Protein chains: 2
Amino acid sequence: MDQIHSASLVGDAIGAISRHIRERYLMPGDKLPSEALLSKELNVSRTVVREAFRSLAAMRIIELATGKRATVAQIDHGAMSLMIEHGVHTDQINIHQIYDVRRTIETRIVTLAAIRRTDEEAAEILHLAGQMKASLGDPAQLMEYDLAFHTALAQASRNPVYSLLIGSFQGITRQTWPMGWKTRPTQAARDLMVQTHVDMARAVAASDPLKAVELMSLHFDESVRALLTAGMS
Amino acid sequence: MDQIHSASLVGDAIGAISRHIRERYLMPGDKLPSEALLSKELNVSRTVVREAFRSLAAMRIIELATGKRATVAQIDHGAMSLMIEHGVHTDQINIHQIYDVRRTIETRIVTLAAIRRTDEEAAEILHLAGQMKASLGDPAQLMEYDLAFHTALAQASRNPVYSLLIGSFQGITRQTWPMGWKTRPTQAARDLMVQTHVDMARAVAASDPLKAVELMSLHFDESVRALLTAGMS
DNA sequence: CTCCCCCAACCTGTCAGACAGGTTTTGCTT
DNA sequence: AAGCAAAACCTGTCTGACAGGTTGGGGGAG
């Protein structure tokens with residue numbers, strides 16, 4: 001019954017299921033075998049198959065739903081977001097390090113967005129910047145439009161890896177954004193922050209990557225300064 | 001016994017355990033309660049707690065080991081690496097998109113590395129570049145030194161998020177690297193590729209970020225061209 | 001002949017209990 | 001006081017059971 005213990009039955013099952021997906025070229029939405037069938041094929045109990053499924057679902061490699069069969073999943077930032085948050089909460093990553101990465105990739109994103117955006121995307125980006133301006137009195141709402149703005153830019157870059165990364169930082173950004181906002185006490189500072197976004201949207205709409213990058217850099221310079229003022233070492 | 005079904009018992013348990021880590025400020029290495037205790041506290045079966053543990057372990061938020069209690073884990077690129085590979089295998093991400101991201105972050109990494117590297121790190125980076133040169137006849141070995149070289153640069157950037165990202169791309173790079181190598185058929189092309197790394201290592205050791213960035217850009221220009229030649233659309 | 005509804009078969013979510021190892025703690029012996 | 005061995009504890013896996021969600025197909029109504 002029991003063969004050589006390579007590592008753990010669950011680990012082996014994860015490998016077998018991954019291989020199954022790869023070898024059959026399964027695409028997102030395609031169905032996987034049922035737990036019962038896999039447990040028979042792999043000669044392990046349903047418990048083991050279930051734990052393997054859970055592991056893959058945690059990484060968003062597959063998707064589970066009650067009653068239905070497991071399916072191959074679309075890439076999604078949920079898992080990475082949790083991992084990043086965990087890193088920050090356990091002092092393995094700090095906010096400045098995240099800002100450095102965001103600055104690096106977002107300057108690239110905005111360049112690509114200015115070059116590749118469709119007209120619909122340009123309109124959406126302009127719209128979101130406009131909504132930011134309209135939400136100056138409601139920080140929580142403003143933050144959501146801000147996040148949506150950067151997500152839309154990533155989308156317009158036409159590179160799903162950038163979307164994935166921006167999404168991954170969204171969770172932790174949501175927890176630190178208010179800190180930066182509070183340190184922009186004057187109306188002028190707040191107007192500037194929002195205006196920078198509006199101008200950036202216009203630069204992207206005008207297909208002017210250089211201008212867009214300049215504004216993105218300005219935005220991050222300003223944000224990092226705000227965080228420092230807030231006492232984040 | 002059964003209260004309102006928020007979503008799923010396992011989902012709730014994952015939340016409860018995450019909260020436990022956060023609220024008690026647990027750090028990597030700290031122990032979590034046993035499965036039996038958690039199942040009693042959360043009023044669920046051990047099955048549910050185990051599946052929650054597996055999910056968190058898949059995201060490398062906690063670490064499991066037989067006999068021992070679960071512990072809080074250090075951030076690690078294993079899970080992200082699998083997610084990226086899954087994205088590529090299911091045609092949701094292509095190699096060029098990954099190269100664009102790598103180029104973007106590695107030019108930043110090499111700048112930071114040139115500024116922040118310790119003398120030990122500089123020596124290690126020079127050593128790895130030297131090993132690449134010595135492995136010109138053994139592609140598999142050369143690839144490993146190449147990967148180690150870029151990992152060492154990320155390390156020297158002193159930003160764990162860059163290390164995490166570089167590590168995440170390593171799995172898929174390992175699967176595509178040989179393709180690029182084969183399209184450098186002449187000895188001159190291969191020498192150039194390795195020499196670029198040696199020069200880059202020297203620039204980092206000399207604390208010359210501008211030169212280092214220039215070489216990194218050159219390297220990626222060349223790599224992307226190689227991939228295109230290999231017929232990667 | 002077509003359409004719709006409902007049921008049977010299938011599938012996942014959760015529980016309880018059991019047992020084989022690996023790990024830690026305790027307490028006794030020397 | 002140091003060291004060792006047994007007891008207590010813990011995780012990995014299996015089995016069997018049942019509630020509830022999902023789906024395809026067959027039969028009846030129109």
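In this text the structure is predicted, and so the values were computed from the model without any measurement. The figures that follow rest on heavy atoms only: side chains count, while hydrogens, waters and symmetry mates do not. Lettering of chains follows the sequences in order, A, B, ..., and the numbering in each one begins at 1.
In the set D:dC14, C:dA16, D:dT13, D:dC14 carries the atom at the smallest distance from any side-chain atom of A:Ser45. Closest to the side chain of A:Leu64, out of D:dT23, C:dG13, D:dG12, is C:dG13. When each of C:dT14, C:dC15, C:dC11 is scored by its nearest atom to the side-chain atoms of B:Val44, the top-ranked nucleotide is C:dC15. In the set D:dT11, C:dT14, D:dT13, C:dT14 carries the atom at the smallest distance from any side-chain atom of B:Glu51.
Going from atom CG of B:Asp12 over to atom P of C:dT14 covers 9 Å, rounded to whole Å. Atoms CD1 (A:Ile14) and P (D:dT13) sit 10 Å apart, rounded to a whole Å. What separates CG of B:Asn43 from C1' of C:dC15 is a distance of 13 Å, to the nearest Å. Look at CZ on B:Arg54: it is 17 Å from P on C:dG13, rounded to the nearest Å. When the C1' atom of C:dC19 is taken as reference, atom CG of A:Leu9 falls 15 Å away, rounded to whole Å. Going from atom CG of A:Leu32 over to atom P of D:dT22 covers 18 Å, rounded to whole Å. At whole-Å resolution of the value, CG in A:Leu38 and C1' in C:dC11 are 13 Å apart. Nucleotide C:dA16 holds its C1' atom 15 Å from the CD atom of B:Glu35, rounded to whole Å.
One finds no side-chain N or O of B:Arg69 lying less than 4.0 angstrom from the OP1 or OP2 phosphate oxygen of D:dT11. At C:dG13, one or more side-chain N or O atoms of A:Arg50 fall inside 4.0 Å of OP1 or OP2 (strictly under the cut-off).
Looking at A:Thr90 and B:Tyr25, their side chains never bring a donor and an acceptor atom within 3.5 Å of each other.
Classified by interplanar angle (parallel below 30°, tilted 30° to 60°, perpendicular above 60°), the ring pair A:Phe220/A:Tyr99 is perpendicular.
Residue B:Arg46 places a side-chain atom within donor-acceptor reach of the base of D:dG12, judged by atom type and a 3.5 Å distance cut-off alone.
Comparing A:Gly11 and A:Lys31 by the nucleotide of DNA chain D whose heavy atom lies nearest to each, the residue mapping closer to the 5' end is A:Gly11.
Geometrically, B:Arg50 does not engage B:Phe53 in a cation-pi contact, judged by NZ or CZ lying under 6.0 Å from the ring centre and within 45° of the ring axis.
Counting any heavy atom pair closer than 4.0 Å across all strands shown, B:Thr47 reaches a base atom.
Counting heavy atoms of neighbouring residues, nucleotides and ligands inside a 6.0 Å radius, atom CD of B:Glu144 exceeds 12 of them.
Annotation: side chain of B:Val49 is not in contact with side chain of B:Val10 (no heavy-atom distance under 4.5 Å).
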